[in-house]
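The shown structure was predicted, so the numbers you read here are calculated from the model rather than taken from an experiment.
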Amino acid sequence: SKAIDGVIENSVCVQSQNKLGELKAFIKSRGVVSKRELLHHFKWGQGINFTRYRTALMKDPHIFDFQNTPDPHFVWK
């Protein structure tokens, strides 16, 4: 039903925001973190759509990335 679909959609959104907060906290605590380290730390495989998390991270004024390496890195400034 539409009511159940709405609840599920809202739950996913909240979970994503919580995970985003965890990502930011991890990057802040480490200073510099590679994408590979993030995937490993959060036990995510290659099947995860990381693009939406990267986009959200790039909106944070404290985080920037550099991609001059084979594996992108995220830096807390």
Side-chain angles (χ1 to χ4, degrees):
S1 79
K2 290 183 181 181
I4 291 173
D5 290 342
V7 169
I8 291 172
E9 287 177 15
N10 289 335
S11 296
V12 171
C13 183
V14 169
Q15 289 174 357
S16 295
Q17 288 182 1
N18 289 343
K19 191 57 70 179
L20 182 59
E22 291 177 38
L23 284 167
K24 289 179 181 183
F26 185 70
I27 295 168
K28 183 178 181 179
S29 72
R30 300 282 297 269
V32 177
V33 180
S34 71
K35 176 183 174 185
R36 183 174 300 162
E37 290 172 312
L38 288 174
L39 294 175
H40 178 74
H41 178 77
F42 290 97
K43 297 181 173 83
W44 290 343
Q46 293 297 326
I48 184 132
N49 183 1
F50 190 75
T51 303
R52 67 183 179 146
Y53 290 105
R54 182 190 176 282
T55 301
L57 289 171
M58 294 298 93
K59 291 180 181 178
D60 188 302
H62 298 287
I63 298 174
F64 68 97
D65 69 337
F66 61 92
Q67 302 200 14
N68 293 341
T69 60
D71 194 25
H73 285 68
F74 299 91
V75 180
W76 184 271
K77 60 177 178 176

**Student:** Can you tell me how far apart OG (S34) and NE2 (H40) are? Round to the nearest 0.5 Å.
**Tutor:** 10.5 Å

**Student:** Aromatic rings F26 and F42: how do their planes relate, parallel, tilted or perpendicular, breaks at 30° and 60°?
**Tutor:** perpendicular

**Student:** Quick check: is L38 connected to F64 through a chain of hydrophobic side chains (ILVMFWY, heavy atoms under 4.5 Å apart)?
**Tutor:** no

**Student:** Once you round to the nearest 0.5 Å, how far does CZ of F74 lie from CD of Q67?
**Tutor:** 7.0 Å

**Student:** What are the two closest non-hydrogen atoms of V32 and E37, and how far apart are they?
**Tutor:** O-OE1, 4.2 Å

**Student:** Counting C-beta onward and ignoring hydrogens, is there a side-chain heavy-atom pair between R30 and W76 closer than 4.5 Å?
**Tutor:** no

**Student:** If I compare all heavy atoms of A56 with all of L20, which pair ends up nearest, and what's the gap?
**Tutor:** CB-CD2, 3.6 Å

**Student:** I need the D60 CG to K28 NZ distance, nearest 0.5 Å.
**Tutor:** 10.0 Å

**Student:** Measuring only between side-chain heavy atoms, which start at C-beta, is I63 closer than 4.5 Å to K77?
**Tutor:** no

**Student:** Look up atom CG in L57 and atom CZ in F50, then write down how far apart they are to the nearest 0.5 Å.
**Tutor:** 6.0 Å

**Student:** Roughly how far, to the nearest 0.5 Å, is CZ of R54 from CG of D65?
**Tutor:** 4.5 Å

**Student:** Tell me whether H73 contacts the main-chain N or O of D71 through its side chain, where contact means a donor paired with an acceptor under 3.5 Å.
**Tutor:** yes

**Student:** When hydrophobic residues are tied together by side-chain contacts of less than 4.5 Å, even through go-betweens, does V75 share a cluster with L23?
**Tutor:** no

